[in-house]
Protein chains: 2
Amino acid sequence: MDGASASEVSRDMEAAPRDGRRTILDAAARILRHNGYKATTLRDIAAAVGIKAGSIYYHFASKDAIVAAVMNDGVERVQEGVSRALSGLPATAGPAERLEAAIAAHLHALLEYSDYTSAGLKAFTDAPEAVRTAARPVRKRYEAVWDGIVADLVAARLVPDDVPAETLALAILGMMNWSPEWYRADRHAIDRLARDFAAIVLRRPAG
Amino acid sequence: MDGASASEVSRDMEAAPRDGRRTILDAAARILRHNGYKATTLRDIAAAVGIKAGSIYYHFASKDAIVAAVMNDGVERVQEGVSRALSGLPATAGPAERLEAAIAAHLHALLEYSDYTSAGLKAFTDAPEAVRTAARPVRKRYEAVWDGIVADLVAARLVPDDVPAETLALAILGMMNWSPEWYRADRHAIDRLARDFAAIVLRRPAG
DNA sequence: CCTACCGATCGGTAGG
DNA sequence: CCTACCGATCGGTAGG
């Protein structure tokens with residue numbers, strides 16, 4: 001009732017008064033991306049942030065809570081990137097252009113922008129079932145974006161009509177999500193890869 | 001000089017005089033496939049085989065030696081499966097049929113036959129650099145098989161000619177190697193998937 | 001192939 | 001957010 005305490009004030013005046021949670025998640029994403037679920041320790045994360053391991057629990061309830069948060073943020077970042085790319089397209093853009101733009105956005109998020117995105121991919125398989133379960137709804141929502149893109153392609157007859165739409169979507173996601181295994185920034189241009197992946201899938205309309 | 005010892009004889013007469021190394025590798029492959037590198041412990045492997053953890057070192061020098069052996073066996077099994085499928089094709093088979101047969105063989109090895117193959121994929125990313133380095137030559141040799149398949153497709157103009165052969169090969173490997181993430185034996189038919197993946201990549205000749 | 005064990009490390013907690 | 005610590009577990013080794 002007598003105003004802010006000294007510690008609250010000094011916290012406000014720190015050079016980088018960033019959210020402690022976000023700082024921890026940033027470090028966790030970076031380490032998870034490179035080491036995977038099991039090899040990422042709370043001590044690694046704490047050291048990267050400049051605090052002690054036990055202090056992590058001041059911000060998060062468990063390691064798995066951190067991993068789940070990173071994974072969900074990761075998927076949401078790709079999804080935002082893809083949505084932004086799609087809505088930035090001119091109204092005249094057809095399904096083929098939308099496909100290429102979506103692939104480019106996904107690859108940029110996965111290979112460049114976001115530790116969160118690649119951490120999510122890498123840690124997902126190792127993570128305990130509880131973490132995977134927590135992450136599944138967000139993933140499903142993102143996959144629905146691709147189902148929509150592919151459905152438009154099918155309707156416009158821009159893809160082989162004897163391949164089920166579901167298989168098509170999974171094939172596209174496979175090409176993209178496998179790319180961290182071989183992508184080298186000094187040897188590949190992401191926009192070129194996006195164009196190539198789109199070209200592999202697309203057919204010119206038979207009209 | 002005085003003949004086989006009792007223990008040698010009794011070993012010969014055991015019900016399953018299998019190579020101890022192979023038994024351990026089989027168990028390791030199965031556990032690695034499900035748990036990945038870090039979460040697979042020597043104690044798990046030993047328990048699955050019915051021996052004690054320390055006894056593993058009677059057969060292998062280290063955990064990493066086991067993992068490296070599983071990974072290399074895995075790649076070699078896919079490669080053998082693909083080679084067998086290709087050489088089983090009639091001489092009249094063209095590059096398109098060879099592609100579909102190779103995809104089918106790869107998917108069968110990855111999704112059905114071999115714990116080794118999927119263990120190799122799953123453990124490769126987590127494994128320490130030393131293990132990855134040891135596994136790389138075998139992988140390169142297998143990728144060369146795909147480079148050959150794709151080169152034949154390019155020469156026969158059965159694939160989009162504005163996509164580099166290297167990208168095409170990586171896209172195909174991506175579709176296939178991502179499939180363990182979504183494949184469900186009760187919902188997908190492997191040969192159908194192989195046909196669909198081939199159809200995505202193939203163009204009818206413009207002749 | 002076993003017993004017995006080491007040193008290191010981990011996620012997490014108590015009590016400030 | 002820290003110190004100090006726990007119980008569990010891990011890869012690996014000594015010496016049979």
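Only this structure's heavy atoms are used, side chains among them; waters, hydrogens and symmetry mates stay out. Sequence lines set the chain letters: A, B, ... in the order given, protein chains first and strands last, and positions in each chain run from 1.
- Taking a 4.0 Å limit (strictly below) on heavy-atom distances, residues 46-54 of chain B reaches DNA chain D at B:Gly54.
- Projected onto DNA chain D by closest heavy-atom contact, A:His59 and A:Arg43 fall at different nucleotides, the more 5' of which corresponds to A:His59.
- Expressed to the nearest 0.5 Å, how far OG of B:Ser83 lies from CD of B:Glu76 amounts to 11.0 Å.
- Of the residues in residues 32-42 of chain B, B:Thr40, B:Thr41, B:Leu42 come within less than 4.0 Å of DNA chain D through at least one heavy atom, sorted by number.
- Remark: B:Arg33 engages B:Asp115 in a salt bridge, criterion side-chain N to carboxylate O under 4.0 Å.
- In this structure, the nucleotide among C:dG11, D:dC1, D:dG11 sitting nearest to the side chain of A:Tyr58 is D:dC1.
- Checked by atom type, the side-chain pair A:Thr133/A:Glu129 shows a donor-acceptor distance below 3.5 Å.
- At least one test fails for B:Lys122 against the ring of B:Tyr37: distance under 6.0 Å to the centre or angle within 45° of the axis.
- Geometrically, B:Arg139 engages B:Phe124 in a cation-pi contact defined by less than 6.0 Å to the ring centre and at most 45° from the axis.
- Paired regions of DNA chain C, where each region holds three or more successive Watson-Crick or G-U pairs whose two hydrogen-bonding distances fall under 3.5 Å, are C:1-16 with D:1-16.
- Under a 4.0 Å N-O distance rule, the pair A:Asp191/A:Arg195 does not qualify as a salt bridge.
- A salt bridge links B:Arg192 to B:Asp196: one of the charged nitrogens lies within less than 4.0 Å of a carboxylate oxygen.
- Put simply, CD1 on A:Ile56 is 11 Å from C1' on C:dG11, counting in whole angstrom units.
- Side chain of A:Ser55, nearest nucleotide from D:dC2, D:dG12, C:dG11: D:dC2.
- Using a cutoff of 4.0 Å between basic side-chain nitrogens and carboxylate oxygens, B:Asp19 and B:Arg21 are not scored as salt-bridged.
- Between A:Ile24 atom CD1 and D:dC1 atom C1' the separation is 10 Å, expressed in whole Å.
- Here the two rings, on B:His106 and B:Tyr142, have centers that are under 6.0 Å apart.
- Using a cutoff of 4.0 Å between basic side-chain nitrogens and carboxylate oxygens, A:Asp73 and A:Arg22 are scored as salt-bridged.
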